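Below is one structure, written out as structure tokens; comments come after it.
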Amino acid sequence: MSLNIKVQTKDQYVLLNIEGDVDLYSSPDVREALLKLTKKKTPTILVNLEKVPYMDSSGVATLIEGLQQCNKYQGRFSLVSLRDNVREVFELTRLDKIFEIHKDVNEALANGSV
Amino acid sequence: MSLNIKVQTKDQYVLLNIEGDVDLYSSPDVREALLKLTKKKTPTILVNLEKVPYMDSSGVATLIEGLQQCNKYQGRFSLVSLRDNVREVFELTRLDKIFEIHKDVNEALANGSV
Amino acid sequence: MAKKIEVRITSDPQMLSVLRAAITQVGQLAGFAPMEISKIVLAVDEACSNIMRHAYKGKKNQPIIVTCKLKPTKLEIVMHDFGNSVDVEKIKSRKLNDLRPGGLGVHIMKSIMDRVIFKNGTDEGNFLIMQKALPKRQ
Amino acid sequence: MAKKIEVRITSDPQMLSVLRAAITQVGQLAGFAPMEISKIVLAVDEACSNIMRHAYKGKKNQPIIVTCKLKPTKLEIVMHDFGNSVDVEKIKSRKLNDLRPGGLGVHIMKSIMDRVIFKNGTDEGNFLIMQKALPKRQ
Ligand SMILES: Nc1ncnc2c1ncn2[C@@H]1O[C@H](COP(=O)(O)OP(=O)(O)O)[C@@H](O)[C@H]1O
Ligand SMILES: Nc1ncnc2c1ncn2[C@@H]1O[C@H](COP(=O)(O)OP(=O)(O)O)[C@@H](O)[C@H]1O
């Protein structure tokens, strides 16, 4: 029912694993978890959306906020493992141009300045 | 949306593969497929419920009819690969005592007088 | 402060899949475990199928109103139709050892839900009230 | 002979999952492909979230009525609420290159549905009508 959020701290990055639908009801939980990381100026945040079957604009808005906070301290903020329909939300809003999006964690690590 | 029904004729048995929810809307399709087999006095009918996520009493009633037709010519009628919640419908109605139910085709073949 | 969700469909068997999807989510909101949810969905589907077959005798464009109320200690689901009203005494499940196709729906509903109450032939139509206690919170 | 399905929820964000499940099935009945269904679900979810946030300003126990009509050539979904009515002219999406959280919902709805019509402040409340042509039958 409610969202399951797990933070995994690795050597070179922090992985934020979200499990469940991100909508008007659940996005405040994502916001809280994200802002906790940006407050600590976490240098690299990878948001794992593998287990997110659904996201609406309130979820997207929350991620924009995370990205902006991260940009303030020149951190890296990347989305990984989006399902097709979640990716579509980013495409519909043309935010796929603004977010760094990778097909999985490995691609994010290979491509980024981690 | 609508049901997908495939009949596989093997050497020793006929496998009726049903895919989709079996309810008041779709059970007539199952009935038609089953009666086609019983009319031909198919000696061994295995009904594969592996891809049936849901069945209600109209589906169960249809299977009772198939079983009864099959009994008339001393054929064998067996249900295989039921999901837990579909199995539950048979238990709630105590029909698990009346049907031959196996966990998969192999178990049905090993245990039966095929 | 009960939460309330209402689904209004027509008496077309194609609509059952819509109802089941909604009830599945209601069961989740109520906090039931997956197997319990699928049983509650079954009970509602059986009740609705009976309205389609018996109260509306197969006519497809008649209204069925399903109201779900999430009360503090129980989930209540009320089915409301305006069809043929049968004497409540006559609505009963057959003996289970009488093997014939049919006569299973009422038995299923009663074995899944804590209470199943028919109020047929009122001025506003027929009502079927089903209640089930919410699972205990851990 | 349009098929009609109505879902009535309260303005509680928890209800969105129930609505999405029902709309998913409606999309299947209408014959849309999976990706199209998930976009239609998104459009309805956005419209409903906006009613919760803007028309009802976060109050959780206000009524929202979602009516789906399967017409011969199109799916029509009407959202009906009794909340605060905003001048239709003011309901518009922001420019997409203005990067800030928010202002995406109306843009999403309009890019998914063929028609999105706001009828706000009528005697019976606010209406939002969304239409999408059915996929061609093979
Ligand atoms: N909603 C209803 N309206 C009128 N009669 C009903 C309704 N539900 C059940 N009945 C009556 O109760 C009987 C038992 O119902 P049920 O156990 O579902 O088995 P079945 O419908 O297969 O006969 C039905 O045959 C019917 O006569
Ligand atoms: N149902 C509604 N009732 C009242 N105002 C609305 C409604 N939907 C949208 N609006 C107005 O239109 C604006 C744009 O909506 P939207 O694109 O969903 O972005 P957001 O809601 O994030 O601001 C909102 O900020 C609001 O002022």
Side-chain angles (χ1 to χ4, degrees), chain C residues 1-32 34 37-38 40-42 44-45 48-49 51-52 56 58-72 75-82 134 137, chain D residues 1-32 34 37-38 40-42 44-45 48-49 51-52 56 58-72 75-82 134 137:
Chain C
M1 265 296 300
K3 281 186 186 135
K4 195 174 140 183
I5 298 139
E6 207 174 285
V7 181
R8 295 175 176 230
I9 56 174
T10 46
S11 51
D12 181 336
Q14 271 206 300
M15 297 294 161
L16 288 170
S17 63
V18 181
L19 183 60
R20 289 199 298 270
I23 300 294
T24 301
Q25 294 303 316
V26 169
Q28 290 218 1
L29 285 186
F32 287 102
I37 293 174
S38 90
I40 294 167
V41 168
L42 177 64
V44 174
D45 173 291
C48 201
S49 297
I51 292 171
M52 292 170 176
Y56 288 132
K59 268 190 278 172
K60 286 189 186 171
N61 50 7
Q62 305 298 307
I64 301 175
I65 304 171
V66 183
T67 309
C68 308
K69 280 192 200 141
L70 251 166
K71 301 186 169 185
L75 172 64
E76 180 176 279
I77 299 175
V78 179
M79 323 276 309
H80 182 187
D81 71 79
F82 307 88
L134 297 187
R137 297 244 176 111
Chain D
M1 264 295 300
K3 279 184 190 139
K4 194 175 142 183
I5 298 139
E6 208 174 284
V7 181
R8 294 174 179 232
I9 56 173
T10 46
S11 52
D12 180 336
Q14 271 207 298
M15 298 293 162
L16 289 169
S17 63
V18 181
L19 183 60
R20 290 199 297 269
I23 300 295
T24 301
Q25 293 304 317
V26 169
Q28 290 218 2
L29 285 186
F32 286 102
I37 294 173
S38 90
I40 295 167
V41 168
L42 177 64
V44 174
D45 173 292
C48 200
S49 297
I51 292 171
M52 291 171 177
Y56 288 132
K59 267 190 277 171
K60 285 188 188 172
N61 50 6
Q62 304 298 306
I64 301 175
I65 303 171
V66 183
T67 309
C68 308
K69 280 192 199 142
L70 250 166
K71 300 187 169 184
L75 172 63
E76 180 177 277
I77 299 174
V78 180
M79 322 275 309
H80 181 189
D81 72 77
F82 307 88
L134 297 186
R137 297 244 177 111

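Letters go in sequence order (proteins before strands), and every chain restarts at 1. Nothing here was measured: the structure is a model prediction, and the numbers come from that model.
One distance of note links NZ of C/K4 with CG of D/D12; it measures 14.5 Å at 0.5 Å rounding. Taken from NZ in C/K3 to OG1 in D/T10, the straight-line distance is 7.5 Å, to the nearest 0.5 Å. Rounding to the nearest 0.5 angstrom, the gap separating the CD atom in D/Q25 from the CG atom in C/L19 is 10.5 Å.
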- Would C/E6 and D/V7 count as a side-chain contact (heavy atoms from CB on, under 4.5 Å) if you check the C-alpha gap in whole Å, the side-chain angles of each, and the deciding distance to 0.1 Å? CA-CA 6 Å; C/E6 207 174 285; D/V7 181; over 6 Å; no

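A pairwise comparison of heavy atoms in C/A22 and D/A21 identifies N-CB, 4.5 Å as the closest pair. Closest non-hydrogen pair, C/R8 versus D/R8, comes out as NE-NE, 3.2 Å. Across all non-hydrogen atoms, the minimal contact from D/L29 to C/S17 is CD2-OG, 4.4 Å.
Residue with the most contacts toward chain D among C/V18, C/T24, C/V66: C/V18 (heavy-atom pairs, distance under 4.5 Å).
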